[in-house]
Amino acid sequence: MSSFSKALSPAIREIRILCCQTGTASAGTRQFISSTYPIIKQHNPDLPILIREAKGTPARVFARFERGVEKHIDVENLPQGEVSSKVSQLLGLS
């Protein structure tokens, strides 16, 4: 989580997190959101971070970069620590 304790690259235009609000497969993603969202937002107040919860939605994280480049990762059935490390990789922090 310490990799999120700084400003992210300005090349990152948006982060979207999709998950199920009740499913066990999205539990790690929900824990990641509740523990890490405030830290990311504190250091990146102008960065749009969209959280979409819908029943049955597989847990995924999307990042949109400059010039419309978009990448995503699947974080279904992962614990919070692994979700955090995968998101760090997606955002180019590690």
Side-chain angles (χ1 to χ4, degrees):
M1 193 163 31
S2 63
S3 62
F4 298 107
S5 297
K6 59 184 176 185
L8 299 175
S9 167
I12 300 170
R13 303 291 190 208
E14 176 185 271
I15 299 171
R16 284 190 321 272
I17 303 171
L18 285 67
C19 64
C20 177
Q21 69 266 43
T22 57
T24 56
S26 292
T29 305
R30 290 191 307 272
Q31 291 170 350
F32 170 79
I33 291 167
S34 64
S35 66
T36 310
Y37 175 83
I39 295 167
I40 295 173
K41 210 51 180 167
Q42 176 183 3
H43 296 286
N44 305 278
D46 297 325
L47 177 67
I49 302 173
L50 310 171
I51 299 170
R52 301 289 182 248
E53 294 179 317
K55 186 174 182 174
T57 300
R60 293 178 290 178
V61 180
F62 291 81
R64 188 169 49 84
F65 298 89
E66 59 189 358
R67 299 183 187 217
V69 175
E70 191 166 293
K71 297 179 183 178
H72 79 278
I73 53 168
D74 293 320
V75 290
E76 188 85 356
N77 291 311
L78 295 179
Q80 177 187 350
E82 287 186 44
V83 171
S84 183
S85 92
K86 287 211 172 237
V87 172
S88 291
Q89 291 173 356
L90 175 69
L91 301 178
L93 302 176
S94 59

Supply the atom-to-atom distance [X] [atom1] to [Y] [atom2], rounded to the nearest 0.5 angstrom.
X   : Y   : atom1 : atom2 : value
L90 : S85 : CG    : OG    : 11.0 Å
I12 : E14 : CD1   : CD    : 11.5 Å
C19 : I33 : SG    : CD1   : 4.0 Å
K71 : L91 : NZ    : CG    : 10.0 Å
D74 : K86 : CG    : NZ    : 8.0 Å
Y37 : I17 : OH    : CD1   : 9.0 Å

For [Y], does its backbone N or O pair with a side-chain atom of [X] as donor and acceptor, under 3.5 Å?
X   : Y   : answer
R30 : G23 : yes
S84 : Q80 : no
S26 : C20 : yes

Sequence neighbours left out, cut at 3.5 Å: what donor-acceptor pairs do the side chains of residues 40-58 make with other protein atoms?
unit_1 : atom_1 : unit_2 : atom_2 : d
K41    : NZ     : P45    : O      : 3.4
K41    : NZ     : L47    : O      : 2.4
N44    : OD1    : L8     : N      : 2.7
N44    : ND2    : I40    : O      : 3.0
T57    : OG1    : A54    : O      : 3.0

- [ ] Flag yes if L78 and V87 sit in one hydrophobic cluster, no otherwise; membership is Ile, Leu, Val, Met, Phe, Trp, Tyr, and two members link when side-chain heavy atoms are under 4.5 Å apart.
- [x] yes
- [ ] Give the ring-plane orientation class for F62 versus H72, where under 30° counts as parallel, over 60° as perpendicular and anything between as tilted.
- [x] parallel
